[in-house]
Amino acid sequence: MSRTLVTSALLYANGPLHFGHIAGAYLPADIYTRALRMAGEDVLAVSGSDDHGVAITIAAEKAGEDYASYVAGWNARMRETFAALDIRYDIVSGTSTSPPHADLSREFFERLDANGYLKERTTDQLYCATDEMFLADRYVQGTCYVCGHTPARGDECPSCGTWIDPLKLKEPSCKICGTAPETRSTTHWYLDLPKLRDEKIGAWIKGHEWKSNVAGFIENLLEDVPERAITRDMKWGVSLPASVGERGEGKVLYVWFDAPIGYISFTKELMVERGTPDAWKDWWQSEDTSLVHFIGKDNIPFHCLVFPSMLYGAKDGYVLPAHVPANEFYNLKGGKFSTSEGNAFDIPNFVEQYGADVTRFYLCSSMPETADSEFSMELFIQTANTALAGTIGNLAQRVLKFIDKNAEGKIPAIHDDHRAEMDACILNECGAIEDPVEHIRAFRFRRAAEAIVQNAAVGNRFIDQMAPWALRKEDPVKGESSLATLCEWLSWTARWMAPIMPTKAQELWSMLGQQGQVLDQPAPGLPRAETWRTLRAGTPLGEIVAMFPRLELPETE
RNA sequence: GGCGGUGUAGCUCAGUUGGUUAGAGCAGCGGAAUCAUAAUCCGCGUGUCGGGGGUUCGAAUCCCUUCACCGCUACCA
């Protein structure tokens, strides 16, 4: 049986999730997972936090917290945000807490080494004796040796644009404590990406079909692939395997190396919890698995080149990604989402005010699929009121209330005399019908959201055309048939909505008097005249509520 | 500086491997209907596809150039 393994980019644990992350990597993964599951497929969804790296240690020290609790704090915030938005994974873990992670990461190191893909190299680097650490370029400043500008960062001079070699910087100082660093030599391991590219990954990338916005990016990436260091001189991280001996002392795996391995570690962790410790191999080392990485465009090099290189280089039967549906960036109108500037919404707060499904729908319909896009409060409110309250919510309301008043609150029967006419009208004459799940499978999320609304509009045309309020007097039996048809349509609407708006879909499902969870229903696909009617006449409706209350633009905007 | 992206109707965006009169949603204008959360339905767009040049029988779609805005610049994740 084929399986789909869905991953969402691990959140770097030094800040909260904002809508850019959500629209880029998490919401699409959740929608995709739900849609495939409705279609009866076996799906595993994995995500979590990326906990290592210098940025985190510095931020934690600034905050006066130890690394582990600092990271745990952001991880907890991430879970809250997922809960608020109803984004679900089979496991959300963290690279510093997942039990199998350190060993598995070391195993990757050893296998890559044994297979000849690692190189050891000694270089000089700046070392701060006060902070007891080698300084990354961005943590050094000094005077530019080309133009004399001060301060110049360790990587680039803001004045003349020269690429700075930190070792040549005049009067270098540590950005953290301000003291002058010294030069020390250190040994590191490098991943031989050029070799991996030439052996396999280059051809694989060229032969693979990528999303259009990904394709261009990685092609020219291939031209100039560097060997990349995969170790660092610091304490916070995964220590090197014992097999490298004392040369590995005081060193850890570089954060980008261990981070993607987290996807595998978390899967292992989950399978251990489930009592099937070997089952992770069915997902990671089976030809039947379709591996899908949801990421933002900043992660394209890692997920299309580096991580596949690692998976291949381990030579342990790992699958390579089938799809990397990277999104572009989602900006806040007039700027970008930034945690530091306070122009990022507090998501749980936002959701409490406007509702999870409305938020999910708007993010889905404005997702940066092919180009950067933006979040606008005005458009959010407008979308909620026109597409959701107006087209979908109102369809449910006008049909169900009418039945409540005029048809005893039970699903009416379709009469044989009218069946053909009604089917032809709603299935063929009231407008094009699209299957949202089909779009979701193709990673066309915006189109999927649009399709749901379009299908609801078909229902609105049908009711306007049939005018059951007039038929009630002229031809009551036909009126009932039209209402029966509309109830069927609403049940399809609920199922079409489910992956994107699970809670609202369930609400509609219950209003129709249906039992169980709408997400447990098979994905509906497109209705066909012979088989599309499934409701039982006489079923009493549930309590009728307004699905999408109209929203107003806040004054403060 | 380098690399990359974007620039299509008032707004947000689609435009597949170049090909009939360049599309959607929202907003706007006109009309119909009144079951419904003043929610629905119908009709209405002469857009220099940022500017300029080129390739082609034919380009928003390929090439060159130019302007504007944006992102990244790899011991940053």
Side-chain angles (χ1 to χ4, degrees), chain A residues 9-15 50 52-56 123 125-126 133-140 154-157 160-163 166 186 188 212-213 216-217 220-221 223-224 226 228-234 254-256 259 296-302 306 328-329 331 333 335-336 365-366 368-376 378-379 382-383 385-406 430 444 446-447 449-450 453-454 456-457 459-472 479 483 486 544-550:
Chain A
L10 300 189
L11 173 71
Y12 196 56
N14 69 345
D50 172 11
H52 301 308
V54 195
I56 284 176
T123 57
Q125 294 193 5
L126 292 176
M133 61 184 278
F134 283 90
L135 298 174
D137 292 355
R138 55 188 291 197
Y139 294 112
V140 184
D155 52 355
E156 180 189 270
C157 173
C160 68
T162 306
W163 272 42
T186 177
H188 285 295
S212 67
N213 62 322
F217 197 92
N220 55 53
L221 195 75
E223 303 290 317
D224 190 25
R228 294 193 61 148
I230 63 166
T231 55
R232 280 292 172 283
D233 291 290
M234 61 184 292
Y254 184 24
V255 56
W256 69 251
K297 66 176 169 187
D298 52 338
N299 266 315
I300 290 172
F302 283 90
V306 181
E328 300 288 298
F329 286 148
N331 299 313
K333 193 175 186 181
K336 63 172 189 169
S365 67
S366 60
E369 265 169 24
T370 56
D372 287 5
S373 64
E374 57 182 32
F375 176 95
S376 142
E378 287 85 351
L379 289 179
Q382 200 171 67
T383 301
N385 289 340
T386 57
L388 299 182
T391 308
I392 298 176
N394 187 237
L395 175 65
Q397 196 77 180
R398 64 201 299 210
V399 170
L400 298 177
K401 275 206 170 173
F402 192 87
I403 291 174
D404 197 39
K405 280 185 200 160
N406 304 303
C430 286
R444 293 189 298 261
R446 301 170 71 127
R447 189 91 179 268
E450 208 176 290
V453 180
Q454 217 174 81
N460 276 318
R461 283 187 207 109
F462 178 83
I463 193 172
D464 275 25
Q465 202 158 315
M466 290 295 160
W469 47 91
L471 286 175
R472 193 165 75 89
L483 293 170
L486 283 158
I544 301 164
V545 295
M547 293 172 69
F548 300 103
R550 292 179 63 79

Partner of [N] by Watson-Crick or G-U wobble geometry, both contacts under 3.5 Å, or none?
{"N": "B/A68", "answer": "B/U6"}
{"N": "B/U20", "answer": "none"}
{"N": "B/C11", "answer": "B/G25"}
{"N": "B/A38", "answer": "none"}
{"N": "B/G45", "answer": "none"}
{"N": "B/A77", "answer": "none"}

Rounding to an integer number of angstrom, what distance separates [N] and [M] when you compare their [atom1] atoms?
{"N": "B/G43", "M": "B/G23", "atom1": "P", "value": "16 Å"}
{"N": "B/G45", "M": "B/A9", "atom1": "C1'", "value": "7 Å"}
{"N": "B/U66", "M": "B/G28", "atom1": "C1'", "value": "36 Å"}

So what does [X] touch, heavy atoms closer than 4.0 Å: a base, only the sugar-phosphate, or nothing?
{"X": "A/Thr383", "result": "nothing"}
{"X": "A/Leu10", "result": "nothing"}
{"X": "A/Ala546", "result": "base"}
{"X": "A/Arg550", "result": "base"}
{"X": "A/Asp298", "result": "base"}
{"X": "A/Tyr254", "result": "sugar-phosphate"}
{"X": "A/Arg472", "result": "nothing"}
{"X": "A/Ala457", "result": "sugar-phosphate"}
{"X": "A/Ser365", "result": "nothing"}

With a 4.0 Å limit, can you tell me whether [X] has a side-chain N or O closer than that to the phosphate oxygens OP1/OP2 of [N]?
{"X": "A/Lys405", "N": "B/A36", "value": "yes"}
{"X": "A/Thr370", "N": "B/A14", "value": "yes"}
{"X": "A/Arg461", "N": "B/C42", "value": "yes"}

(message) Using only modelled atom types and a 3.5 angstrom limit, is any donor from either the side chain of A/Gln125 or the base of B/C75 paired with an acceptor on the other?
(response) yes

(request) Go through B/G71, B/A77, B/C35 for me and flag the one nearest to the A/Phe329 side chain. (result) B/G71

(request) Look at the side chain of A/Asp464 and decide which nucleotide, out of B/G71, B/C42, B/C35, has an atom nearest to it. (result) B/C35

